[in-house]
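One-based numbering, in listed order, for ligands and for the atoms of each.
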Amino acid sequence: MRKGTLNRLALVPLVIGLVIGLAGCGKKPPQRRGARAGAGGTSDLANAALATYVAPGDLDEYYLFYSGGHSGQIFVAGIPSMRHIATIPVFSPYPGTGYGFDDETREMLGEYTWGDSHHPGLSETNGEYDGRWLFINDNANGRIARIDLRDFKTKQILSIPNISANHGSSFVTPNSEYVTMATRMSVPFPEGTYADVTEYGSKYHGVAAGIKIDPDSGHLELGWEILLPPFDYDLGDAGKGPSEGFFFWTCYNSEREFIEGGKLEVTASQKDKDFILMVDYREAEKAIAAGTFETIKGAPIIDPAKAPGVAYFIPLAKSPHGVDVDPSGRWIIGSGKLSPTTTVFDIEKIKTAVANKDYEETIDGIPVLTYASVREAEIPVGLGPLHTQFDGKGYAYTSLFVESAVAKWKLPPYEAGADMNQYVVGKIPVAYNIGHLVTAEGDSMSPDGNYLVALNKLSKGRHLSVGPSIPESAQLIDISGDKMNLLYDAFTEPEPHYALIIKADKLDPIEVYKKDDPYWPKNPNAIWTAEEARVERKGKTVEVWMMAVRSFFAPDVIRVNRGDKVIIHVTNIEQTRDELHGFAIDNYNINMVIDPGETKTVTFTADKGGVYAFYCTNFCSALHQEMQGYFLVK
Ligand code: K7E
Ligand code: CUA
């Protein structure tokens with residue numbers, strides 16, 4: 001919607017006319033599900049159609065980055081059209097872009113061919129998304145990844161020790177100093193230790209970590225780890241404004257036990273309250289600088305019992321999931337899944353409680369702040385509150401898993417003694433069993449307040465049947481007015497978790513890898529002329545420097561002996577946007593895709609004798625079919 005608003009306005013009478021026209025003619029069109037679901041009649045439908053219609057040639061207003069859970073990927077869509085426009089492979093191979101087939105990405109994936117990507121985090125400057133990097137956690141294998149938003153490619157996957165299931169991640173500080181990682185499922189500490197589950201309470205531990213982000217390159221490296229009691233550290237957020245300097249993570253199973261056959265859902269819900277873990281990362285930095293840590297499995301570990309001031313617990317309704325810091329940074333919102341309320345905490349009250357040592361108790365050296373002293377209010381939002389987002393206009397939006405709805409409620413201030421129900425100002429049903437939700441620039445210090453996307457888990461009836469597994473849906477909701485309006489139902493690849501929405505004009509993706517662009521590290525195996533193309537043999541290793549350009553490879557014949565180690569570097573010397581070339585060898589499971597100006601390398605053993613064709617997999621010109629050659633294995 002960056003251009004063509006006028007076109008759209010011109011369409012209003014047309015669309016309305018069309019709807020009326022169809023309703024009036026004899027043969028009824030197939031009834032629209034939106035209408036059947038009671039979206040509110042033709043005019044609402046026409047308005048919704050108009051609000052999401054991005055005319056041919058027009059561009060969307062926002063990027064939506066949504067995680068694909070155990071597909072290990074991130075998907076990119078445009079808002080308001082909700083069109084899926086790209087897939088960014090992160091933790092899983094993706095033949096479409098050759099990801100996980102060349103040496104570099106294969107090495108990045110390491111021993112795993114999948115991950116469980118949950119929470120994308122955008123880099124920030126002064127609390128605003130700056131469009132440089134996107135981070136994403138791997139809930140399965142204790143990893144975090146960085147994607148460069150100049151070329152939308154995964155550049156780094158960092159694996160750190162002692163983290164079991166990294167769920168409370170990737171939450172970025174307002175100036176991108178740190179991104180978080182945390183243990184979801186406690187295990188014996190240190191990593192790799194054996195201890196029976198009967199020793200859960202004493203031998204098992206959680207770990208929270210601060211991952212440093214290099215301000216120039218975005219490179220990630222472990223800053224510090226904090227040793228924690230054996231709870232499940234679930235979701236997190238980074239403070240901002242008055243809460244800058246703190247990380248917050250919810251945790252459940254404060255009962256600190258795992259009873260074999262006892263059903264964790266039961267045993268972990270015994271106490272009325274679980275906690276939000278609050279970490280003061282400036283204090284963590286001081287502890288590291290003062291040498292108050294131990295290096296275990298290569299990680300600097302801070303024990304909060306020996307470093308007072310680093311960690312605190314804040315009591316919260318039991319079995320909590322989301323914790324979210326509002327745009328001002330003053331209000332910390334946490335939701336217990338089994339409570340019909342969400343709780344607002346005040347960072348000022350938290351700081352006062354810390355200063356006054358206003359504690360209820362201490363757990364493994366970590367003080368528990370007095371609930372009544374730090375809580376601002378409990379808001380009766382509804383059943384199964386999970387995640388909260390913001391519009392920047394003083395309202396919060398909480399997803400209600402059990403109710404399958406989004407509740408809109410007012411942030412403080414509240415009148416003393418007021419009935420809190422009045423502050424829940426609206427609710428919209430979604431279809432249904434919503435997990436996360438996201439508003440436009442909702443994690444920044446200035447959300448845009450116009451769109452909200454509900455990410456639904458069990459969306460019955462929103463798509464054509466494709467068998468036993470029902471496709472998930474993402475519902476686009478207009479939150480620009482007082483009342484929330486459903487605009488659009490889009491498919492999401494499984495399994496949707498969190499998403500982020502960033503203004504399109506904050507990103508400036510490259511068009512090609514320019515030959516001399518200093519931003520990208522120089523590839524020593526790049527070649528730019530046919531003269532440099534060559535095949536070299538050293539003993540039993542054959543190395544090939546190949547050039548790809550419309551529409552041939554040089555060299556186009558590679559001769560090796562069976563058993564040779566083969567290294568092929570392919571440079572696509574095109575400097576024209578979208579002129580990609582692929583390099584595939586039949587029956588050898590070789591598949592690279594090389595963007596204009598890019599060089600990729602694949603190393604393999606020629607273990608099958610015979611003659612194998614290689615060819616370009618990406619349509620590149622009228623003579624793309626002719627872009628082929630032969631790999632001869634004697
Ligand atoms: Cu609620 Cu992993 Cu954020 Cu899924 S988590 S919904
Ligand atoms: Cu190169 Cu097709």
Using 4.0 Å as the upper bound for N to carboxylate O, is an ion pair formed by Asp595 and Lys153? yes

So that I know where these two stand, are His436 and His118 an aromatic pair - ring centroids less than 6.0 Å apart? no

Where ligand 1 meets His321 - atom numbers and elements under 4.0 angstrom, heavy-atom basis: 1 (Cu), 5 (S)

Heavy-atom nearest pair, Phe135 first then Ile213, reads CZ-CD1, 3.8 Å

Determine, for Asp232 against Arg184, whether the closest basic-nitrogen to carboxylate-oxygen distance falls under 4.0 angstrom. no

Among all protein non-hydrogen atoms, which one is nearest to atom 4 (Cu) of ligand 1, and what is the separation to 0.1 Å? His497 ND1, 2.0 Å

Relative to ligand 1, is His436 under 4.0 angstrom through side chain, backbone, both or neither, heavy atoms considered? both

Structural part of Leu235 in contact with ligand 1, heavy atom criterion under 4.0 angstrom: side chain

Any non-hydrogen side-chain atom of Trp331 less than 4.5 Å from a side-chain atom of Asp324? no

For the metal site, I want the angle between atom ND1 of His118 and atom NE2 of His167 with atom 2 (Cu) of ligand 1 at the apex, to 10°. 100°

Minimum side-chain heavy-atom gap Glu244-Tyr281 below 4.5 Å: yes

Taking only non-hydrogen atoms of Lys457 and a 4.0 Å limit, the atoms of ligand 1 in range are 4 (Cu), 6 (S)

Near atom 1 (Cu) of ligand 2, meaning under 2.8 Å, how many protein N/O/S atoms are there? 4

Output the list of atoms in ligand 1 that are nearer than 4.0 Å to some heavy atom of His119, sorted by atom number. 2 (Cu), 3 (Cu), 5 (S)

Ser117 and Ser67: side chain donor to acceptor below 3.5 Å: no

Candidate pair Phe583 and Ile590, rule side-chain contact (heavy atoms from CB on, under 4.5 Å), full reasoning: CA-CA 7 Å; Phe583 177 81; Ile590 303 291; 4.1 Å; yes

Pick one: which of Thr599, Asn572, Asn618, Ile573 meets side-chain contact (heavy atoms from CB on, under 4.5 Å) with Ile594? Asn572

